[in-house]
A.B. asks: 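Below you will find the structure I want to go over with you.
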Amino acid sequence: MGLPEGFRWGVATAAYQIEGAADEDGRGPSTWDTFARTPGRTRDGHTGDVACDHYHRWPEDVALMAGLGVDSYRFSIAWPRVQPRGSGPVNPKGLDFYDRLVDGLLAAGIAPAATLYHWDLPQPLEDAGGWMERDTAYRFAEFSYLAAERLADRVDMWITLNEPVVVMAYGYAFGVYAPGRTLMLDALPAAHHQLLGHGLAVTALRGRGAREIGLANHYSPAWAASPADRPAADAFDAFMNRLFTDPVLLGRYPDIMGDAPFVRPEDLAVIASPIDFLGVNYYQPTRLKNPAEGPLPFDIVDIAEYPVTGMGWPIVPDAFLSLLRTLDSRYDLPPLYITENGCSFPDEIGPDGAVDDSSRIAFLDAHINAMRTAVREGIDIRGYYTWSLLDNFEWSEGYHPRFGLVHVDYETQKRTPKKSYGWYRDLIAAS
């Protein structure tokens with residue numbers, strides 16, 4: 001099939017989106033608990049308090065993964081479950097949960113891939129300033145060490161941060177995600193402190209014997225609406241794609257960071273600590289034009305000439321291939337993993353009890369073929385994780401979008417594999 005020996009097929013999830021059990025076994029509140037419980041912040045007031053109840057139903061979910069035949073499962077470790085205050089003593093019951101999960105995965109022949117930060121900052125740390133404060137980076141390194149101390153003997157693959165650009169932009173700049181702050185370009189310290197936390201965590205993880213360490217960035221190819229709008233596209237590219245990759249792989253920030261007094265001379269060497277892989281999360285390209293007004297150096301323009309997902313995102317597999325080529329030409333890359341790729345559609349259970357999500361199959365097939373083309377061209381891609389195993393809590397959109405290979409009835413928690421589940425199972429078996 002043209003993929004390297006040992007290529008990993010996987011699925012991905014995130015703690016706050018699936019675990020539930022928000023107030024059980026010593027778990028403390030996260031920024032997303034606070035945000036989602038604040039009226040008007042999420043669609044229809046949905047919260048992750050119960051989500052998919054994975055905290056209690058994980059054996060069933062591991063069995064679903066075993067049925068798929070995946071090689072690996074990318075999950076996230078909830079920081080407030082392990083350290084309820086974001087620092088200080090460990091909550092033993094929190095780590096016990098991940099012990100059980102990891103052992104269950106290994107017993108099923110599935111390699112665990114642990115993400116340490118998928119947006120659920122302990123609320124006490126946000127009360128102290130969150131990612132706008134340098135101290136949060138050191139607290140993150142401490143948490144990383146504690147998680148690896150318990151799990152690194154069985155977990156080989158570690159992802160420090162998931163999509164730090166989304167935390168900075170949606171959480172601190174625009175206020176549409178937790179913690180809901182609207183600092184605009186003044187949110188740039190949240191970028192640097194996340195990256196500093198990543199670099200410190202790399203050292204902490206290596207100190208506990210972690211073998212494969214990277215981070216997962218969100219990437220979106222920047223399309224200029226016209227030749228005259230190239231400056232807007234370049235600014236968006238720097239903001240979205242380069243801000244969290246240049247420092248890690250090149251040891252320097254793009255010009256968009258500007259004069260940043262919060263960046264200390266020694267920080268970039270920490271951030272550029274060698275990593276073993278780069279995670280690539282891809283969903284859609286973005287079209288830009290020069291701004292008419294406002295604080296940002298670009299305006300986003302609709303892409304209307306392509307079909308769209310249930311989220312209204314344009315479906316452009318060629319843009320995925322273009323992104324992989326751009327990364328390969330821009331950097332001396334470590335191996336890549338596609339750590340997220342997937343789509344939402346309004347999936348419903350039909351009269352026959354099945355979920356026909358042929359649109360998802362077409363999306364995944366086209367994007368996997370684009371990845372295969374990149375591999376044939378010599379780009380070193382070691383694995384692909386589709387988003388997501390389960391329908392789940394989709395942040396500010398609540399439970400309305402459905403991204404899963406498995407349908408979840410949120411009233412009963414019944415899991416129903418969709419048509420795409422069988423398709424992915426067969427693809428993996430044939431690989």
Side-chain angles (χ1 to χ4, degrees), residues 11-25 27-58 60-61 64 75-81 97 115 117-123 126 130 162-163 166-167 169-182 218 281 283-284 308-313 340 342-349 355 357 360 386-416 418:
V11 288
T13 67
Y16 188 74
Q17 293 182 271
I18 68 165
E19 283 184 1
D23 300 314
E24 288 188 43
D25 290 340
R27 180 187 179 276
S30 76
T31 51
W32 267 99
D33 293 294
T34 301
F35 185 84
R37 293 168 184 173
T38 302
R41 289 297 204 176
T42 65
R43 189 172 169 187
D44 292 336
H46 290 173
T47 75
D49 288 357
V50 176
C52 305
D53 197 29
H54 174 75
Y55 188 78
H56 300 109
R57 297 171 184 266
W58 67 266
E60 179 182 359
D61 295 335
L64 285 166
F75 64 97
S76 76
I77 297 173
W79 190 351
R81 200 177 290 287
F97 167 70
T115 301
Y117 184 68
H118 203 129
W119 308 353
D120 48 356
L121 188 72
Q123 184 61 45
E126 179 59 32
N162 179 77
E163 298 184 343
V166 176
V167 175
Y170 283 26
Y172 286 89
F174 308 142
V176 294
Y177 281 5
R181 299 170 72 174
T182 53
H218 177 93
N281 294 1
Y283 291 94
Q284 60 171 323
V308 298
T309 69
M311 298 284 282
W313 298 347
E340 285 184 30
C343 53
S344 165
F345 288 104
D347 305 321
E348 296 181 355
I349 297 179
V355 182
D357 60 339
R360 177 170 292 102
T386 190
W387 186 271
S388 174
L389 172 67
L390 303 170
D391 291 339
N392 54 49
F393 177 83
E394 184 51 35
W395 309 114
S396 60
E397 288 296 308
Y399 295 102
H400 294 281
R402 291 184 176 271
F403 277 86
L405 300 175
V406 176
H407 181 278
V408 178
D409 181 324
Y410 297 114
E411 294 296 321
T412 66
Q413 294 296 337
K414 181 181 179 181
R415 274 80 159 136
T416 303
K418 304 177 187 179

A.B. asks: I need the minimum non-hydrogen distance between Gln17 and Phe393, along with the two atoms involved.
C.D. replies: NE2-O, 2.9 Å
A.B. asks: I'd like to check Glu19 versus Arg81 (side-chain heavy atoms, cut-off strictly below 4.5 Å). Are they in contact?
C.D. replies: yes
A.B. asks: Which is it for Thr13 and Phe75 under the side-chain contact (heavy atoms from CB on, under 4.5 Å) test, yes or no, and what are the steps along the way?
C.D. replies: CA-CA 5 Å; Thr13 67; Phe75 64 97; 4.1 Å; yes
A.B. asks: Suppose the criterion is salt bridge (Lys or Arg N to Asp or Glu O under 4.0 Å): which pairs have a residue in residues 27-42, not counting sequence neighbours?
C.D. replies: Asp23-Arg37, Arg27-Asp33, Asp33-Arg37, Arg37-Asp49
A.B. asks: Nearest heavy-atom pair of Phe345 and Arg360: which atoms, and what distance?
C.D. replies: N-NH2, 3.5 Å
A.B. asks: To the nearest 0.5 angstrom, please state how far the CH2 atom of Trp119 sits from the CG atom of Asn162.
C.D. replies: 6.0 Å
A.B. asks: Between Asp44 and His400, does any side-chain donor sit less than 3.5 Å from a side-chain acceptor?
C.D. replies: yes
A.B. asks: Quick check: closest heavy atoms across Pro80 and Ser30, and the distance to 0.1 Å?
C.D. replies: CG-CB, 3.8 Å
A.B. asks: State, without any angle test, whether Gln123 and Thr34 hold a side-chain donor-acceptor pair at a distance under 3.5 Å.
C.D. replies: yes
A.B. asks: Relative to the ring of Trp395, is the ring of Trp32 parallel (under 30°), tilted (30 to 60°) or perpendicular (over 60°)?
C.D. replies: tilted
A.B. asks: Would you call Lys414 and Val408 a side-chain contact if the rule is heavy atoms closer than 4.5 Å?
C.D. replies: no
A.B. asks: Might you point out which heavy atoms bring Ser76 and Ala15 nearest each other, and give the distance in Å?
C.D. replies: OG-N, 2.7 Å
A.B. asks: Measuring only between side-chain heavy atoms, which start at C-beta, is Ser344 closer than 4.5 Å to Glu397?
C.D. replies: no
A.B. asks: Flag the pair Glu340 / Glu163 as yes when at least one side-chain heavy-atom distance between them is below 4.5 Å, and no otherwise.
C.D. replies: yes
A.B. asks: Nearest 0.5 Å please: distance from the OG1 atom of Thr309 over to the CZ atom of Phe403.
C.D. replies: 6.0 Å
A.B. asks: How about Tyr177 and Val166: do any of their side-chain heavy atoms sit closer than 4.5 Å?
C.D. replies: yes
A.B. asks: Do His218 and Asn281 pass the side-chain hydrogen bond (donor to acceptor under 3.5 Å, both in side chains) test, and can you show the C-alpha distance, the side-chain angles, and the key distance before you say yes or no?
C.D. replies: CA-CA 5 Å; His218 177 93; Asn281 294 1; 5.7 Å; no
A.B. asks: Any chance the side chains of Glu24 and His56 put a donor and an acceptor closer than 3.5 Å?
C.D. replies: yes
A.B. asks: For the residue pair Gly398 and Pro401, what are the closest heavy atoms and their distance?
C.D. replies: O-CD, 3.8 Å
A.B. asks: Is there side-chain contact between Tyr410 and Asp391, with heavy atoms separated by less than 4.5 Å?
C.D. replies: yes
A.B. asks: Are His118 and Tyr16 packed together at the side-chain level, in the sense that at least one heavy-atom pair is separated by less than 4.5 angstrom?
C.D. replies: no
A.B. asks: Nearest 0.5 Å, please: how far is CH2 in Trp79 from CG in Asp120?
C.D. replies: 9.5 Å
A.B. asks: Using every non-hydrogen atom in the two residues, find where Gly404 and Lys418 come nearest and quote the distance to one decimal.
C.D. replies: O-NZ, 2.8 Å
A.B. asks: Enter the distance from Phe35:CZ to Ser396:OG here, rounded to the nearest 0.5 Å.
C.D. replies: 6.5 Å
A.B. asks: Between Met311 and Tyr283, is the side-chain contact (heavy atoms from CB on, under 4.5 Å) condition met? List the steps.
C.D. replies: CA-CA 11 Å; Met311 298 284 282; Tyr283 291 94; over 6 Å; no
A.B. asks: Answer with yes or no whether the side chains of Tyr399 and Asn392 bring together a donor and an acceptor at under 3.5 Å.
C.D. replies: no
A.B. asks: Output, in order, the C-alpha distance, side-chain angles, deciding distance and verdict of side-chain contact (heavy atoms from CB on, under 4.5 Å) for Val11 and Leu405.
C.D. replies: CA-CA 9 Å; Val11 288; Leu405 300 175; 3.9 Å; yes
A.B. asks: Can you find a heavy atom in the side chain of Asp61 that is under 4.5 Å from one in the side chain of Leu390?
C.D. replies: yes
A.B. asks: May I have the step-by-step check of side-chain contact (heavy atoms from CB on, under 4.5 Å) for Glu60 and His54, ending in yes or no?
C.D. replies: CA-CA 9 Å; Glu60 179 182 359; His54 174 75; over 6 Å; no
A.B. asks: Report yes or no: do Gln413 and Asp53 form a side-chain donor-acceptor pair below 3.5 Å?
C.D. replies: no
A.B. asks: When you check the side-chain N and O atoms of Asp347 and His407, is any donor under 3.5 Å from an acceptor?
C.D. replies: no
